[in-house]
There are 2 protein chains.
Amino acid sequence: MAAERTTSRKGSPKKRTRALGRATIGDVARAAGVSPMTVSRALKSPNLVTPTMRARVARAVEKLGYVPNLAAQTLASARSSLIGVIIPSLSNSVFIETLTGIRDRLSVAGYQFIIGETLYSPDLERQLLSTHLSRAIDGLLVTGVDLDPDVARSLKNRRIPLVHMFDMSEEAGALSVGFSQTRAGYEVGRHLISRGYRSPGVIAGQLDPRSLKRRHGFRAALADAGISQVAEMLTPQPTSIALGGQLLGRLVGAHPDCDALFCINDDLALGALFECQRRGLRVPHDLAIVGFNDLPYARACVPAITSVTTPRYEIGFQAAHLLLRRMNGETIERRAIDLGFQIAARESA
Amino acid sequence: MAAERTTSRKGSPKKRTRALGRATIGDVARAAGVSPMTVSRALKSPNLVTPTMRARVARAVEKLGYVPNLAAQTLASARSSLIGVIIPSLSNSVFIETLTGIRDRLSVAGYQFIIGETLYSPDLERQLLSTHLSRAIDGLLVTGVDLDPDVARSLKNRRIPLVHMFDMSEEAGALSVGFSQTRAGYEVGRHLISRGYRSPGVIAGQLDPRSLKRRHGFRAALADAGISQVAEMLTPQPTSIALGGQLLGRLVGAHPDCDALFCINDDLALGALFECQRRGLRVPHDLAIVGFNDLPYARACVPAITSVTTPRYEIGFQAAHLLLRRMNGETIERRAIDLGFQIAARESA
DNA sequence: CTGAAAGCGCTTACAG
DNA sequence: CTGAAAGCGCTTACAG
């Protein structure tokens with residue numbers, strides 16, 4: 001009978017053969033001479049099955065090239081082994097490193113993830129979340145702490161564990177892994193003050209919540225040092241190297257006395273540096289430059305750019321770790337994990 | 001009865017409520033006073049359903065906040081609406097742009113994708129493919145044309161459509177979207193020759209098939225011009241800006257007469273440029289530099305780097321498009337789509 | 001155009 | 001430790 005059925009699969013299929021040639025748990029069970037449940041257990045909880053059974057199942061799995069159907073697993077168990085990840089942009093290598101951290105933690109736990117790229121749009125974010133929900137994600141990792149209230153509610157309704165990344169959540173019970181963007185900006189201000197700069201400026205693009213917090217902290221540090229006049233060139237456009245050059249141009253045009261520049265991220269800083277080179281402005285002599293994130297080129301370029309080293313990989317890894325713990329129902333003592341940051345002082349400021 | 005059942009869902013659940021509070025197609029059907037099948041049709045093929053029905057279903061969907069369960073859909077239909085994408089590395093922005101192209105084409109077609117990052121390891125690639133298969137992907141997009149034979153066979157067995165990206169497949173029947181890596185390398189060689197350089201060198205990392213083809217083409221162009229001596233510094237290490245600096249150092253140390261350098265990608269080129277600046281080598285006067293891919297910083301840096309513009313976004317978009325056509329069973333006339341490339345001649349060479 | 005029945009390939013919850 | 005039954009939430013394939 002077993003053989004009968006097996007050959008009929010290969011030969012002319014009597015029933016519809018939707019999953020072409022794909023072995024099912026039933027096929028494995030028949031080949032191993034056990035029940036489907038035993039196959040299921042042997043695969044998921046080997047210790048609940050005798051070694052003999054386990055071996056027979058293993059042999060059958062091998063022979064048939066059995067690969068479990070995750071859709072069936074998901075439907076039956078209401079667990080998808082899928083984690084949703086929401087990041088603003090794939091083209092920002094900051095988030096790519098975070099993704100790598102997430103993957104490294106998740107993959108050993110047998111989870112995969114689907115990425116949603118919001119492009120900094122709350123609308124798109126809502127939409128992406130809805131897609132993620134339809135895939136029955138078991139957990140969610142979101143960049144930032146500002147989640148659409150509707151979305152937050154539906155996540156709560158469906159009991160989907162959630163961890164925020166890149167910023168510290170103030171909300172009671174919320175889980176977050178990141179660092180204080182405001183304090184990071186503040187330290188950049190302190191750094192420039194301590195180096196004797198007295199007319200600092202800021203250039204920023206995107207103007208997402210985290211960038212604005214950095215700027216806020218930066219201005220606070222200057223204010224604490226008695227400096228209230230801060231040259232600024234802000235735009236909601238996405239940041240890029242090219243934008244850095246443009247903003248630098250506009251800022252020094254409007255504020256020729258500006259002696260130091262906080263660029264809200266490294267792309268802007270690199271673009272500003274190149275533009276200085278084109279204009280014959282010496283860095284840091286004529287203008288000091290500080291970036292943010294410490295991407296690889298910051299230390300490589302000439303002069304090397306002073307920046308802020310942020311724990312991007314670690315944020316992803318720890319956020320994934322925290323999420324898994326929450327999903328396992330563990331009690332979590334530290335709900336907001338501050339991974340800190342560091343000023344990398346180099347030649348440019 | 002309908003109301004009865006609805007309230008029992010909200011109140012004390014009699015049965016196990018696995019999918020917490022989540023409305024099913026049955027709930028929608030009851031609320032709309034139609035059969036589940038009509039709901040299914042109204043959602044998937046609205047034109048098969050009368051406008052009246054459609055409206056009733058729409059209202060019920062809205063009211064209940066119904067989101068389809070894709071696991072159930074996948075299991076029942078044997079179609080997952082999931083596409084597997086295999087790329088070597090997320091930290092290479094080349095592939096990020098490709099991903100963006102893929103997403104732009106796939107999202108309008110209602111498909112999502114899962115990414116597998118091979119880190120240039122065939123073993124990892126095999127493993128990732130197996131994971132993708134267990135998610136029942138409907139199609140696959142792979143970087144490169146060299147697929148593990150075992151994997152290729154199992155894809156064929158399961159009739160999973162496949163499109164190669166970034167290189168032209170020679171295999172009969174295979175679908176690919178890209179450009180000729182060899183010819184691109186050749187044109188770089190031609191460019192340097194035409195500019196009068198006579199002692200060109202190459203630096204390369206990773207040494208993946210596509211890099212090696214570029215190098216091969218480059219050397220062919222030099223050979224055609226009567227130059228057979230080519231200084232080379234190759235390493236299997238992953239490429240990076242830092243590596244570019246190191247390789248530059250080693251190459252000019254060993255071959256001080258080298259007058260032009262083909263860097264197998266822009267990261268290497270930028271690192272080489274920075275290292276030249278540190279060493280006081282004037283680019284291009286003392287050493288010309290050519291990169292590959294034309295990433296944003298190539299045109300921004302000082303001097304701007306001559307590079308090769310590659311259609312990365314378009315490759316992703318077109319590959320996804322081709323895959324969808326294949327999945328729809330359309331007949332495909334052009335199986336290998338060559339999107340070409342362009343030399344972006346700038347200041348550095 | 002609409003619906004009742006059966007099934008997709010697993011796991012849950014219960015027996016033994 | 002092992003298994004038979006029922007069900008997860010959809011869609012396929014038929015009827016009408």
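In what follows, chains carry the letters A, B, and so on, assigned in the order in which the sequence lines appear, proteins first and then strands, with residues in each chain numbered from 1.
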Gap between atom OG1 of A:Thr98 and atom OH of A:Tyr313 - 0.5 Å precision:
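One gets 11.0 Å once the value is rounded to the nearest 0.5 Å.
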Between [atom2] on [N] and [atom1] on [X], what's the gap in Å once rounded to a whole number?
X	N	atom1	atom2	answer
B:Ile25	C:dC8	CD1	P	19 Å
B:Leu75	C:dA6	CG	P	18 Å
B:Lys44	D:dC10	NZ	P	10 Å
B:Arg79	D:dT12	CZ	P	8 Å
B:Leu43	D:dC10	CG	C1'	11 Å
B:Asp138	D:dT11	CG	P	14 Å
A:Asn69	D:dG9	CG	C1'	14 Å
A:Leu70	C:dC8	CG	C1'	15 Å

Between [options], spot the one nearest the side chain of [X], thanks.
X	options	answer
A:Tyr66	D:dT11, C:dC10, D:dG9	C:dC10
B:Met53	C:dT2, D:dT11, C:dC10	C:dT2
B:Ala72	D:dT2, C:dC10, D:dC10	D:dC10
A:Ser77	D:dT2, C:dT12, D:dG9	C:dT12
A:Met37	D:dG3, C:dG9, D:dT11	D:dG3
B:Ser35	C:dA4, C:dC10, C:dT11	C:dA4
A:Val49	C:dG3, D:dT2, C:dG9	D:dT2

Validation row: [X], [Y] side chains within 4.5 angstrom (heavy atoms):
X	Y	result
A:Leu119	A:Glu117	yes
A:Leu129	A:Ile86	yes
B:Leu106	B:Leu324	yes

Under 4.0 angstrom between B:Thr38 side-chain N/O and C:dT2 OP1 or OP2
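Indeed not, no polar side-chain atom of B:Thr38 lies that close.
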Scan every strand shown for a Watson-Crick or G-U wobble partner of C:dG3, both distances under 3.5 Å, and answer none if you come up empty.
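The answer is D:dC14, by the H-bond criterion.
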Could you pick out which residue, B:Arg41 or B:Ala71, lies toward the 5' side of DNA chain D when each is mapped onto its nearest nucleotide?
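The residue closer to the strand's 5' end, by nearest nucleotide, is B:Ala71.
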Would you call B:Glu171 and B:Arg335 a salt bridge, taking side-chain N to carboxylate O under 4.0 Å as the test?
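Judged by the 4.0 Å cut-off on N to carboxylate O distance, B:Glu171 and B:Arg335 do not form a salt bridge.
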